[in-house]
Amino acid sequence: MSDLVLSETRGAVALLTFNRPNKLNALSYALVDRLLAILDRVEDDADIRAVILTGAGDRAFSAGADIAEFSESVRCGPDAAVKAFVRRGQAMTARMEAFPKPIIAAVNGIAFGGGCEITEAVHLAVASERASFAKPEIAIGITPTFGGTQRLPRLAGRKRALEYLLTGDSFSPQRANEIGLVNQVVPHGQLLDAAFALAGRITRHSHLAVARVITAATRGLNVSISEGLAVESEQFARMAATRDTREALDTWLAARSSR
């Protein structure tokens with residue numbers, strides 16, 4: 001059986017590809033488990049500074065959960081479904097959201113359900129002009145389960161998010177850009193180039209500083225401003241003691257004095 005998540009490294013960037021194109025890259029339990037294992041390895045690899053996620057084929061980033069598989073869990077009862085399906089999916093998106101290296105979604109096609117929730121959870125996203133987004137869970141009588149009822153309102157605002165959560169209607173990449181779900185929309189053939197260019201604009205900086213910024217923004221988002229400022233101060237203090245900070249300051253001061 002082919003690997004459910006393809007992995008390759010290009011310079012300092014790991015390119016991870018959901019590899020179930022005949023199933024629109026649906027998120028089977030095995031695929032989610034494989035992805036989490038790869039992210040563990042990527043985190044420990046000091047040579048990798050950023051991650052790009054995309055989908056195999058031209059049709060889908062990911063159409064969401066493997067419905068046939070998770071419906072079997074539902075038939076076993078709510079407790080079994082929560083354990084096998086909900087906790088697994090939430091662990092995946094939480095891992096992405098708090099990952100210490102930037103994760104960029106390169107959305108090459110359909111991003112429905114869990115595919116949309118991955119886009120919500122990762123740090124940055126670039127969408128192809130062929131991409132399409134939706135929160136279709138309501139059409140099969142369930143709520144989003146991988147964080148979609150929580151992250152999309154925080155990104156788009158409550159009313160705009162509820163429009164898509166309650167109707168299940170799809171929306172365009174341009175609309176995704178307008179509501180803050182993606183950072184940019186590019187021609188389909190330029191998608192990976194744009195994602196790698198964005199990664200390069202980040203990886204030129206200290207990887208320690210990048211990690212601290214991600215931590216401060218992620219942890220501070222859902223707390224009061226005073227608590228968030230305390231998180232920010234803590235992350236600054238952790239960076240101020242590093243050689244990365246001293247070297248960056250010395251370089252900046254030297255450049256300024258030479259003008």
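Keep in mind that the numbers below use all heavy atoms, side chains included, and drop hydrogens, waters and symmetry copies.
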Please tell me if the side chains of [X] and [Y] come closer than 4.5 Å, counting only heavy atoms from C-beta onward.
{"X": "Phe196", "Y": "Val13", "value": "yes"}
{"X": "Leu36", "Y": "Asp40", "value": "no"}
{"X": "Arg20", "Y": "Leu31", "value": "yes"}
{"X": "Val210", "Y": "Thr203", "value": "no"}
{"X": "Val82", "Y": "Arg87", "value": "yes"}
{"X": "Ile104", "Y": "Val122", "value": "no"}

Distance alone, cut at 3.5 Å: any donor-acceptor contact between the side chains of [X] and [Y]?
{"X": "Arg41", "Y": "Ser7", "value": "yes"}
{"X": "Ser28", "Y": "Asp66", "value": "no"}
{"X": "Arg154", "Y": "Asn222", "value": "yes"}
{"X": "Arg151", "Y": "Thr93", "value": "yes"}

If you compare all heavy atoms of [X] against all heavy atoms of [Y], which two are closest, and at what distance to 0.1 Å?
{"X": "Ser128", "Y": "Asn108", "value": "CB-CA, 4.1 Å"}
{"X": "Phe99", "Y": "Val51", "value": "CE2-CG2, 4.1 Å"}
{"X": "Ala127", "Y": "Val182", "value": "CB-CG1, 4.1 Å"}

Electrostatic pair [X]:[Y] at N-O distance under 4.0 angstrom:
{"X": "Lys135", "Y": "Asp169", "value": "no"}
{"X": "Glu43", "Y": "Arg95", "value": "yes"}
{"X": "Glu163", "Y": "Arg160", "value": "no"}

(request) Could you walk me through whether Ser73 and Tyr29 pass side chain to side chain donor-acceptor pair (under 3.5 Å), step by step? (result) CA-CA 11 Å; Ser73 298; Tyr29 296 165; 2.7 Å; yes
(request) Walk me through it: do Glu234 and Arg219 pass the test salt bridge (Lys or Arg N to Asp or Glu O under 4.0 Å)? (result) CA-CA 11 Å; Glu234 173 193 347; Arg219 287 176 51 191; 3.4 Å; yes
(request) Starting at CD1 of Ile52, measure out to CG of Leu191 and round the result to the nearest 0.5 Å. (result) 9.0 Å
(request) Using the ring of Phe133 (Phe, Tyr or Trp, six-membered ring only), decide whether Arg175 places NZ or CZ under 6.0 Å from its centre and within 45 degrees of its axis. (result) no
(message) One pair to check against side chain to side chain contact (heavy atoms under 4.5 Å, CB included): Leu181 and Thr119. What are the steps and the verdict?
(response) CA-CA 7 Å; Leu181 180 58; Thr119 310; 4.1 Å; yes
(message) If we check side-chain hydrogen bond (donor to acceptor under 3.5 Å, both in side chains) with Arg212, which of these qualifies: His207, Glu232, Gln235?
(response) Gln235
